[in-house]
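Read through the structure below, which is laid out as structure tokens, and then see the notes.
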Amino acid sequence: MLPIDSTNKLSFTRCIRDGDLVIVYERYDNMKAIKVCDGSVLENRFGVFKHSDWVGKQFGSKVFSNKGGFVYLLAPTPELWTLVLSHRTQILYIADISFVIMFLEIVPGCLVLESGTGSGSLTTSLARAVAPKGHVYTFDFHEQRAVSAREDFEKTGLSNLVTVGVRDIQGEGFPDELSGMADSVFLDLPQPWLAIPSAGKMLKQDGILCSFSPCIEQVERASETMRSSFTDIRTFEILLRTYEVREGKLDDFQGDEAGSLGSLGSLPRKRRQRSNEGSNVRETTGPPTVMARPCSEAKGHTGYLTFARLKCLS
């Protein structure tokens with residue numbers, strides 16, 4: 001996950017080694033994480049790829065199969081790991097994750113507490129944000145999920161930055177030995193209001209708490225609990241809209257757009273009447289142009305992010 005060079009510094013320009021984890025990129029919606037093992041092969045629709053051919057190449061390299069097909073070998077960044085990890089639970093995606101890290105003011109060296117490890121999507125990004133000297137303590141009440149997450153962090157090389165614990169934070173709170181040490185706390189719990197008092201005890205003065213909830217009723221109750229010990233309480237909903245940018249003819253693009261709008265219930269466009277038979281007027285088409293439009297499969301609501309800052313003692 002965090003490739004280290006010979007000087008023990010973070011580097012994505014170093015060469016791929018036997019045993020490294022790489023993201024094999026076939027196309028934007030088809031990627032997989034693979035551990036490089038000398039003697040192993042990857043078989044897909046593009047042919048057979050020998051792992052031995054990957055060793056010594058830089059991340060980002062284009063490699064070819066026995067049939068001439070190709071894939072790209074990408075560094076396993078947290079952004080890509082979020083797209084290829086095994087889903088043991090619902091996960092946070094890049095838009096929410098980036099917002100969380102920014103508003104929790106997480107920088108290298110921070111100590112962060114997380115409750116609700118789940119599939120480890122957010123945890124992976126938190127680990128990169130606090131590296132190289134910070135630490136993330138993450139807890140899940142489900143033992144098997146915690147074990148699987150711990151294995152993932154070993155696989156991605158983050159085990160020195162992340163400690164996984166099995167604990168019911170809603171019922172027991174965070175461990176007392178972490179009291180007053182956390183720069184920020186993140187909660188992804190069905191009843192976050194039960195864990196908020198404990199989270200407040202864990203935070204340093206002026207520390208920040210974030211609670212992720214899918215339902216607005218959870219937000220309302222959590223916010224009410226925060227009022228006694230926290231200030232600057234704010235809730236956000238992040239909606240990401242992706243655009244498709246491609247080259248094509250204007251008529252073709254408008255035709256595609258009409259089809260996508262029609263699928264949403266709008267009235268279908270009338271087909272353009274073709275030139276009459278026998279007409280000596282030729283249809284003219286303009287040159288290809290680059291067009292942009294919203295993707296038809298936009299992501300909708302994921303959840304609400306509620307942030308609050310611990311009140312300073314006077």
Side-chain angles (χ1 to χ4, degrees), residues 78 92 95-118 120-141 146 161-238 302-314:
L92 267 68
D96 287 323
I97 290 173
S98 57
F99 200 85
V100 167
I101 291 175
M102 177 67 75
F103 267 72
L104 284 181
E105 301 177 1
I106 298 174
V107 296
C110 280
L111 189 149
V112 180
L113 304 185
E114 177 192 26
S115 180
T117 310
S121 175
L122 174 63
T123 318
T124 301
S125 289
L126 292 176
R128 195 210 15 211
V130 304
K133 295 184 178 180
H135 204 84
V136 178
Y137 292 88
T138 181
F139 300 90
D140 203 294
F141 77 93
L161 295 168
V162 180
T163 297
V164 183
V166 180
R167 190 178 180 92
D168 178 12
I169 299 299
Q170 288 186 168
E172 304 173 56
F174 289 97
D176 291 337
E177 56 266 29
L178 296 174
S179 180
M181 296 175 58
D183 295 283
S184 54
V185 176
F186 179 84
L187 303 177
D188 184 357
L189 300 169
Q191 297 176 295
W193 51 88
L194 298 178
I196 288 172
S198 175
K201 295 176 182 177
M202 299 301 112
L203 285 168
K204 297 177 181 178
Q205 288 299 307
D206 204 38
I208 304 174
L209 168 67
C210 176
S211 176
F212 175 86
S213 298
C215 301
I216 196 65
E217 292 81 7
Q218 295 168 299
V219 173
E220 291 171 348
R221 189 162 179 182
S223 298
E224 186 62 34
T225 305
M226 290 176 184
R227 293 185 185 281
S228 60
S229 302
F230 292 85
T231 186
D232 193 21
I233 302 171
R234 291 183 286 174
T235 297
F236 302 89
E237 180 186 22
I238 313 302
T302 56
Y304 300 100
L305 295 168
T306 300
F307 295 86
R309 189 178 295 273
L310 187 67
K311 292 179 180 178
C312 292
L313 297 176
S314 56

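The analysis underlying the following values was restricted to heavy atoms, covering all of them including side chains, and did not include hydrogens, waters or symmetry mates. As the structure is a computational prediction, the values presented were derived from the model and not from experiment.
Counting all heavy atoms, side chain and backbone alike, R167 lies closest to G173 at NE-O, 2.6 Å. Closest approach of I196 to A222, counting heavy atoms only: CD1-O, 3.5 Å. Closest approach of A199 to L209, counting heavy atoms only: CB-CD1, 4.0 Å. Closest non-hydrogen pair, G134 versus L161, comes out as O-CD2, 3.7 Å. Taking both residues in full, the closest heavy atoms of G165 and A146 are given as O-CB, 4.5 Å, listed atom of the first, atom of the second, then distance. Heavy-atom minimum distance, V185 versus A182: CG2-CB, 4.2 Å.
Interatomic distance, S115 OG to Y137 OH, rounded to the nearest 0.5 Å: 15.5 Å. Within the model, atoms CG of L92 and OG of S121 stand 6.5 Å from one another, a figure rounded to the nearest 0.5 Å. I208 CD1 to D232 CG: the interatomic distance, rounded to the nearest 0.5 Å, is 8.5 Å. From L113, atom CG reaches atom CG of L203 across 7.5 Å, with rounding to the nearest 0.5 Å. With values rounded to the nearest 0.5 angstrom, L310 atom CG is found 11.5 Å from M202 atom CE. Note: D188 CG to C210 SG = 9.0 Å, rounded to the nearest 0.5 Å.
Under the rule for a side chain to side chain donor-acceptor pair (under 3.5 Å), the partners of T138 that lie at least two apart in sequence or sit in another chain are E114, T117. Judged as a ring-ring contact (aromatic ring centres under 6.0 Å, His included), and not counting sequence neighbours, the contacts of F139 are F174. Under the side chain to side chain donor-acceptor pair (under 3.5 Å) criterion, T302 pairs with D96, not counting sequence neighbours. Taking E237 as the reference, nothing meets the salt bridge (Lys or Arg N to Asp or Glu O under 4.0 Å) condition, with sequence neighbours excluded. Scored by the side chain to side chain donor-acceptor pair (under 3.5 Å) test, T163 finds H135 as partners (sequence neighbours excluded). Every residue was checked against the ring-ring contact (aromatic ring centres under 6.0 Å, His included) condition with F212, not counting sequence neighbours, and none meets it. In terms of the salt bridge (Lys or Arg N to Asp or Glu O under 4.0 Å) criterion, residue partners of E105 (sequence neighbours excluded) are, by chain and number, R309. By the salt bridge (Lys or Arg N to Asp or Glu O under 4.0 Å) test, K204 is found to be paired with D183, residues two or more places apart in sequence or in another chain being considered. For D168, the side chain to side chain donor-acceptor pair (under 3.5 Å) criterion is met by no residue, not counting sequence neighbours. For Y304, the ring-ring contact (aromatic ring centres under 6.0 Å, His included) partners two or more places apart in sequence, or in a different chain, are H301.
Using a 4.5 Å heavy-atom cutoff, the side chains of F307 and L104 are in contact. Looking only at side-chain heavy atoms (C-beta outward), S125 and I101 come within less than 4.5 Å of each other. Looking at heavy atoms from C-beta onward, S213 lies out of side-chain contact with T306 at the 4.5 angstrom threshold. In this structure, the side chains of I106 and V130 come closer than 4.5 Å at one or more pairs of heavy atoms. Counting heavy atoms from C-beta outward, Q218 and W193 have side chains that approach closer than 4.5 Å. Between Q170 and P190 there is a side-chain heavy-atom pair separated by less than 4.5 Å.
In the displayed structure, K201 atom NZ is contacted under 6.0 Å by at most 12 heavy atoms of other residues, nucleotides or ligands.
Evaluation of the salt bridge (charged side-chain N to carboxylate O under 4.0 Å, His left out) test over residues 210-219, restricted to residues two or more places apart or in two chains, returns none. Listed by first then second residue, pairs satisfying ring-ring contact (aromatic ring centres under 6.0 Å, His included) with a partner in residues 215-235 number zero, not counting sequence neighbours.
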